[in-house]
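Contents: one structure, followed by commentary.
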Amino acid sequence: MSRDMEDGAKYLGRVLMGAIAMGVLVVMFHPDYREAAVALWKGKPDTSPIWQSNIAYYPEVGLAITPERRHDPE
Amino acid sequence: MTRNNLIAFCYLYIGGILLAMTYPVDASWDRALLIGAIGSFLPITAFALAVMFRGATLDGGLRATLWVLLALPALVLGYSRYHSADRVHDASLGVIDFASMSESRLSHPPAGTSRLRVRLLEAPAGELVFRLTGEADVRIPVRDEGGRPRLDEQGRWLFEVVRTPMTSEVIRFEASDGAGLERMIDQPFTRLDSVEVLSGGASGQVEVFQIANHVRSFVRGRGGQSPVTVLGRVSQDPRVFGFRTVLFITPSFIQYPAGGPFYAIDGGDIQVTIQPDMKGYAAFARTEATGVDVVFEGELTFARGPSNPGGFDAARFLQNNNVYGTMFLYAPRFGPPPMERIEAGEAGFRGASPLVRFSLGLRDDVLRVIKQTMPFPQSAFLGGVTLGLRYGLQGVTWEGGSSDDPSADVVMQSTIADDFRASGVNHVLAVSGLHVTILTVMFLAIFTSLRLPKQVYVPMVILALVVFAIITGARPSTLRAVIMNSLFLLTWAYLNQGLRSSILLGVPVAAFLILVHNPLVVVDPSLTLSFGAILSLALLTGPLHDLCLRLKGSVFVAAVLTLVGLSAAGVANWFLATSIWFLVPFAVSAGMLFWGATLLRKRGNDPFARVGFASIPNSISTFLAAQLAIQIGMMIPLSAIYFSRWPFAGAYANLIAIPLIGIVVQLAALGGLMGLIPVVGSWVALTMNAANWLGASLFIWVAHFFASTFPYPYVRRPTVRELLVYYGIISAWIWFPVWHGRVKGWCEARGWTQRWAPWAVAGIPAVVVAGLLLGTQEPRVARDVAVVEVLSVGYGSAVHVRSPGGRDVLLDSGFRELGRSRRNEAERSVLPYFSHVGVRSLDAVVLTSPALERTGGVSYLLDHIRADTLWMPDGLVDLIQTHGGNRGFRQEFDRDALVSRLVADAAHPGMRTLTTVLQERGDRKVNQMARSVVAPKALTAGAAILEEDHGIRGGFRIVPVGIGAVTADDEGNIRQGSALRIEFGKGSILYAADLTTEEAGRLPRSLLSADVLVLPRQALLDPPGDPVVNAGALEEEVGKWIDWVNPSVVILEYGFPRSVVGVRSRSAVDRFRIIERYFHHEQPEIRFLVTDQSGSVRVTLDGMGLAVQTQQERNRAGGGDADDTVSSMAIGL
């Protein structure tokens, strides 16, 4: 079992490294990811097209945690 | 207790629950069951002590005794646990014997303040009139300056309690009243002092009950009920949708009715739906609302049972999750919002427990990382599979469009949720064993790489799994997996046990723990599908793998060819693959193929001698066997039970989906956690999720591809008995070596050495039992009578007619909406109903009018069920014959939605219209073999659709009696009405469809006269012209129908009309109310039934007369909720 676990750790490491290598390629060639990286670099993650595409998806989870972020109808 | 005893105990406990479901008992058994549950442990305890002190070894008779003594408490415990969880029990306070008042035994004072009811045990000789007197502790909330109830710092609601003398209303029983008659007492009592006899009192006995202060006791049917005020606490993470939020609230106190007393609540939760226009909405539509104390006011109603036979039982579903009441809160124009948060004194707002708060906070943090690093809709997919946030995928198409936009081409695309269901990969969204195991392996790998001893890190992994369970909503499937994985980890770390032994123990123990907590989830699909999958994997994979290993050489090739051939036929034409005219020749061909392959192998000149199942790498062949095991053990039977459908594509799609999801979930979990590391974490998460974007996109595409390529057929829903026989056969196969060996030994001991002897000895009783189980089932639809089921399909029509000769006809196919909700009644109601009643082909489908609420679902319906003939009004036939196939046709009836749904649509050329379906189902060879030819025919007055002679009972026939003229209204919609008569002997039904009153007036009265009238909906509720409603004219029009038809029962197929009649819906609602009022006030002797309220209506004609039963009545007979859970309690103090 321990041997399996060690093999599992090595496998996970390989998956991780492979994913990062693949991810770098995607960031280089996928325009949205490229712009997302630029936005992250500039410290403006809210301008990232990836973040923008997710605006309507679970909108209560925003970039910064503010308790009363939404505008309530008065 | 040995390991096997423990496993047996857990399974027998489940057996006890199943017994309680099958053979329930009433509340009078409460005490006996409680005593039984406790008492049943005494013999086994005494036995264990005796064995221990005497040092006896367990063998022979002692072992058998142990099993019997073990079975008893397990069964009784399971039975009593389900019994107590399934029902809300009112406590008996004692009996009042009026013949001897001194012997009255009101021995038990009410526990707290509650309402009472009295039940007549023995009828009085004459009139008996009395009332009860006592006291009530009336709670008055302490309020803040804003008038809101206050909490102390410990979170307790503050009340001033006033003890008030209380006298019940007058209770009256007559001599003619039967035992068991009950009277409710509206007033609350904390103490009962005396019985005041006002009249009679020389005889009679009544029992007094304290009504349980359970949420179920306060719910009412929908529609103008008195609002109640609830003081409670948000008990779960709110479910936030784009246009509403659903909160689950555990109430502490309910004020019932408005202005009445506050009752302390001792059970049940309330599901509250709020909308974004409510002031303060944002504070509730977020994770931080979990655990917050709230006060709210609204109409507390119960969820509906199934509307049609075999339909979704919302009431049962919610009750299984301890929800007994529902409330929709609407924002008032003025005044405070209907729900407000309350602070616990100086301590501020309370929240969830620290562990839950941490878990949900972690979930939001990971979700934030996903939203920053994965574009939509892949982000929604990732949120679903890693965090259990499956609601984000609703209404999203695979290219990222939203079904909220009806003008775009997305209306033509299936949603991701549809694709996942149809391709059989939906299980990845139900966070379960797959995800928990992936995470367990991932954590173990991480800790192993850190070189920590397993005894140290295993508790940490278990804690991480518990956090994961909380994050994903602690559904039964997740709990099952977490308990099993924790048991596995513990036995592995501290007892050095292996995986298989852990599964065999873990499955029943996990089931036991979940079902002790809540036995009602025993039928929850989340639980049964999860356990079905794990048991299939554990028990079936090995035997199937061994069986497949026998496939070698040409036999293996023959098996592959057979599988490919059958699958290809199914993909090309599902009707063909399920037609006996195809299956028999196919089976003969396959048999010859196998025979030839076997011959080749025997002769030793097999050209494929070197290939076989065994030549596939072991990991892959085991995976294939596991997939087959899941299909046979879980998907095929349970999918049919729960969803009436079988995802045919699942067997193939999962070969890609399961390995892929392993990578996607691991990367998502690692990326999400690493994204929490300040500064560098965002970059790592972006890179990892960029790679994962490929995996997520591929997964969504795979689901879409399989969903659009493979059929997703409706299948006959098996009964419980059929399921028992099915699993009996599978069990017999799995444990063949065990039972066969034993039976063989038994036979040999008697000198029966023939090879077939064990088969005969075991097989004959098994076949007899199976035959009895299947042969004595109640027929799904009554035989030798005509059954007309007017289905409840909202504002639309679908009526199933089963003739006494067993032929099936469907009148109209329900509405289909392409917009936001994509409501399709053929998919949602009609086809599941047919699956439930076992109808797989129809003799005829009749469209009585071109109205969309009657025709909208027809193309979908014909895509999924065989129908020999399609009868249509001539206006529709002309339209299809003239313009069918011309996909650019958008001129003459440009604004008519009917044209675009049924004939052709230039905006959506790929849309399956009735024209497309009829072209595909033409009289061709392949359709003849598939028995799927649909012959269109025009409805003409007098031409019988179905006719049967039943001798002395008379004839049965369905015949059109009136066909209206083709007209177009101001909006360009084609209208044409027709009416049908359904007759059997002396009973008759007039299905007036959309025939106008004027057209009906021209028909002979003899054709119109009937026992049951199904009202013409379009003519009365949505007539062309001015939408302004003239109540007098409408009542006069309905009155004409009543005069002509003279029915004893009138049915109106009615539901919320907005989706069908659009802006004219207000007028339709007004008209409906006028008609409803007319029948209540002007025609009280006529039984007026509305499908929206009563559910489907079944009319049974036996030739001599007819009987009418509604689905609501069937729900009540089956133990469901009635409208009058607590009878009319209109007054309080």
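Chain A is the first sequence line, chain B the second, and so forth, proteins listed ahead of strands; every chain is numbered from 1.
B:K371 and A:P59 make their closest contact through NZ-CA, 4.2 Å (heavy atoms, listed as atom of the first residue, atom of the second, distance). Across B:A690 and A:V27, no two heavy atoms sit closer than the pair CB-CG2, 3.8 Å. In terms of heavy atoms, A:I20 sits closest to B:M688 at CG1-CG, 4.0 Å. Nearest heavy-atom pair, B:L667 versus A:A19, reported as atom, atom and distance to 0.1 Å: CD2-CB, 3.4 Å. Residues B:L686 and A:A36 approach most closely at CD1-CB, 4.3 Å, considering heavy atoms.
Within 6.0 Å of OH in B:Y494 there are more than 12 heavy atoms belonging to other residues, nucleotides or ligands.
Panel note: side chain A:N54, backbone B:M374; a donor-acceptor pair is recorded below 3.5 Å. With hydrogens and angles disregarded, no donor-acceptor distance shorter than 3.5 Å links the side chain of B:R368 to the backbone of A:V61.
Per-residue heavy-atom pair counts under 4.5 Å with chain B were compared for A:V26, A:I50, A:V24, A:L25, and the maximum is reached by A:I50. In terms of heavy-atom pairs under 4.5 Å with chain A, the best-connected choice from B:I663, B:T373, B:L670, B:I446 is B:T373.
Of the two parts of A:A21, neither the backbone nor the side chain holds a non-hydrogen atom closer than 4.5 Å to a non-hydrogen atom of chain B. A:L16 touches chain B through its side chain: at least one heavy atom from C-beta onward sits under 4.5 Å away, while N, CA, C and O do not. The parts of B:L389 that come within reach of chain A are both its backbone and its side chain, each placing non-hydrogen atoms under 4.5 angstrom from that chain.
Counting heavy atoms from C-beta outward, A:Y57 and B:L367 have side chains that approach closer than 4.5 Å.
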(request) Mind running side-chain contact (heavy atoms from CB on, under 4.5 Å) on B:L694 and A:M22 for me, showing each step along the way? (result) CA-CA 9 Å; B:L694 293 172; A:M22 185 72 79; 3.6 Å; yes
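The distance from atom OH of A:Y58 to atom CG of B:D364, rounded to the nearest 0.5 Å, is 10.0 Å. Note that the OG atom of B:S682 and the CG atom of A:L40 stand 5.0 Å from one another [nearest 0.5 Å].
For residues 25-53 of chain A, no residue pair satisfies the side-chain hydrogen bond (donor to acceptor under 3.5 Å, both in side chains) rule, not counting sequence neighbours.
Listed by chain and residue number, nothing satisfies the salt bridge (Lys or Arg N to Asp or Glu O under 4.0 Å) test with B:E343 (two or more places apart in sequence, or in another chain).
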